[in-house]
Amino acid sequence: MAIYKNICSWILKGVKSCNGCTVAFWGINFNMPFPDLWAGGLNWSWDNGYMCTRYCNLGGSTVSLASLCPGYEIATSDVLYRYCVTDGSCLNGIAKMWLRWLRSGTYFINSYSLGCIDIQAPGSGWTWQMYESMYMTGIDYDEVYTTAMYGTEVLAECYSGDDLSIGECSIGVCFTNVPSTAQCSSTLRGYIWVEGNNLHFINARCWEHSMTGDNQGSAGAGKQGSIWIDTNHYLHWVGADCNDYRAKWRICQFCSDWSSSSGPNPSPGASYKGAIWVDTEFGNTHLAYIGCDGNKYITGSGKYPYTAP
Amino acid sequence: MKAKILSPKQAEELGLKKPSIVGQSVVITKDSKDSPERIIEKQIIRENGEKELIFMSNERKAYFKNKGNFKDYIKQFNKIPKNVKKDLN
């Protein structure tokens, strides 16, 4: 008869869940809509939880953030809390499962969930129960804003019943070349313009973002600075070189399954087509507009969220 | 068509947006070293602390019924599958 308890933790740039959803955390705009990484299938494993692929574990490394901007996510903490009993033994109680992000030893994210553990093993077999949770962090004035040692600390405390405590598992990562999180004047919020061949805007968090587009060919002379939305709901602009540039991605807003993210598409109708604004919903760092189908679309200067980082 | 844009709070009240999922739990059992693993329970945890039971096998139900705490265990969930709910009566 035996009881096993342990924690496994990562700091990741992206994941692919067992139900086939790929999401990136590295370099995406804050709080993008995410599909339900936990939906569908019953494909869990003791080693991997519900993720079939974990991309770029940053634990123990030094990572330059020079290519990112304030308003971008960096990584997620991903934790498995595991309890196993064998040969007729049992475990009953409530565990308080902590997940913390730290900067130079001080918490800036400190969250927990209560989990009810109630398992008993068959006579010569075993039964195990596992919790998996995640928490992102990004470049923001109260999260990652300076070069320092960052990290996660995860542990379980016994809330009631049998001893469900599991000692802490800590992972460190050194973030360097962290971009300034200084904001511009709030009176500039909402400005959109073409600079060189990029589309610039001041987002709702008062940071200037610059979008690089895919060159679609010449738009003709005298059209520099024009901005429009095509019938496939992509945002376009004409650069200083008179070429038509198309935004690299757009998402038709959907009800996200991720913390603090988007609600359902408001679908205001085609009479609003062409309306464009810097959005004050969920991440507050993206552009939003209404496509010719009357739906709300979002785009931004960060990376597309649904490909491997 | 006049737009009716909902705030996240209004959408949540209308049942269009649920509090986000922050974790998932699964219970797996195996009768012996050579027998296959079976998932016998699965639940999701939302950011407001609510828990939803999304799957419970008959053997897991039997385990709690034998212990006499089936109803007490189920009480912790804010949402329960129909096939489990009918066993509560």
Side-chain angles (χ1 to χ4, degrees), chain A residues 34 36-39 42-46 49-50 79 81 83-84 86 90 92 94 97 99 111-135 255-264 266-272 275 281-282 290 294 296, chain B residues 1-55 57 59-60 63-64 66-67 69-70 72-77:
Chain A
F34 276 172
D36 186 354
L37 298 172
W38 323 98
L42 293 168
N43 303 317
W44 285 69
S45 71
W46 172 264
Y50 203 60
V79 193
Y81 307 86
Y83 297 88
C84 181
T86 70
C90 60
N92 294 293
I94 296 175
M97 295 173 287
L99 195 165
S111 72
Y112 71 85
S113 298
L114 293 178
C116 182
I117 310 295
D118 193 330
I119 49 178
Q120 181 170 26
S124 61
W126 59 81
T127 297
W128 49 277
Q129 183 164 2
M130 173 165 59
Y131 283 80
E132 179 165 14
S133 49
M134 296 185 189
Y135 210 123
C255 187
S256 176
D257 276 295
W258 193 265
S259 184
S260 305
S261 193
S262 56
S267 300
S271 63
Y272 287 85
E281 287 198 314
F282 42 106
I290 305 301
K296 179 183 172 186
Chain B
M1 187 182 85
K2 192 177 176 187
K4 188 176 182 184
I5 299 174
L6 305 175
S7 68
K9 177 74 177 167
Q10 288 170 316
E12 191 174 325
E13 285 167 359
L14 287 170
L16 295 169
K17 171 150 174 61
K18 294 177 175 180
S20 302
I21 296 169
V22 294
Q24 180 86 286
S25 165
V26 67
V27 181
I28 294 174
T29 196
K30 189 175 168 83
D31 291 327
S32 64
K33 190 181 171 187
D34 300 321
S35 60
E37 290 188 329
R38 302 184 306 281
I39 292 182
I40 55 175
E41 186 189 304
K42 197 173 174 192
Q43 55 176 277
I44 53 178
I45 303 158
R46 297 190 179 275
E47 64 180 343
N48 59 356
E50 284 188 359
K51 290 177 191 160
E52 292 183 12
L53 181 67
I54 55 177
F55 172 72
S57 69
E59 70 179 287
R60 182 74 167 159
Y63 164 69
F64 288 118
N66 287 338
K67 280 178 69 183
N69 69 339
F70 177 64
D72 283 342
Y73 186 78
I74 297 299
K75 271 183 194 167
Q76 69 171 309
F77 299 107

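Chain A is the first sequence line, chain B the second, and so forth, proteins listed ahead of strands; every chain is numbered from 1.
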Item to complete: Taking all non-hydrogen atoms of both residues into account, name the closest pair between B:G23 and A:S133 and its distance.
Response: CA-CB, 4.0 Å
Discussion item. Could you check whether any side-chain heavy atom of A:D36 comes within less than 4.5 Å of a side-chain heavy atom of B:I44, counting everything from C-beta outward?
Written reply: no
Fill in: Residue A:M134 versus chain B: region with a heavy atom under 4.5 Å
backbone
Worksheet item: Can you tell if the side chain of B:Q76 reaches within under 4.5 Å of the side chain of A:I94, non-hydrogen atoms only?
Response: no
Fill in: Options A:S124, A:G294, A:A121, ranked by heavy-atom pairs under 4.5 Å with chain B, top entry
A:S124
Fill in: Atom group of B:Q24 that falls short of 4.5 Å from chain A, counting heavy atoms
both
Practice prompt. Flag yes if more than 12 heavy atoms outside A:Y112 fall under 6.0 Å of its OH atom; otherwise flag no.
Written response: no
Discussion item. Tell me if a side-chain donor or acceptor on B:T29 pairs with a main-chain N or O of A:W126 at a distance below 3.5 Å.
Written reply: yes
Worksheet item: How long is the span from the CD atom in B:E41 to the SG atom in A:C116, to the nearest 0.5 Å?
Response: 8.0 Å
Worksheet item: Of all heavy-atom pairs between B:S25 and A:Q129, which one has the smallest distance, and what is that distance?
Response: OG-NE2, 3.2 Å
Discussion item. To the nearest 0.5 Å, what is the distance between CD on B:E59 and OG1 on A:T127?
Written reply: 8.0 Å
Practice prompt. Any chance you could measure A:Q120, atom CD, to B:N66, atom CG, to the nearest 0.5 Å?
Written response: 9.5 Å
Worksheet item: Is chain A contacted by the side chain of B:R38, its backbone, both, or neither, given a heavy-atom distance below 4.5 Å?
Response: neither
Worksheet item: Does A:Y50 reach the side chain of B:V26, with side-chain heavy atoms less than 4.5 Å apart?
Response: no
Worksheet item: Where on B:D34 is there a heavy atom nearer than 4.5 Å to chain A: the side chain, the backbone, both, or neither?
Response: neither
Fill in: Close side-chain approach of A:D118 to B:Y63, heavy-atom, < 4.5 Å
yes
Item to complete: Rounded to the nearest 0.5 Å, what's the gap from NZ on B:K51 to OG on A:S113? Could you check?
Response: 8.0 Å
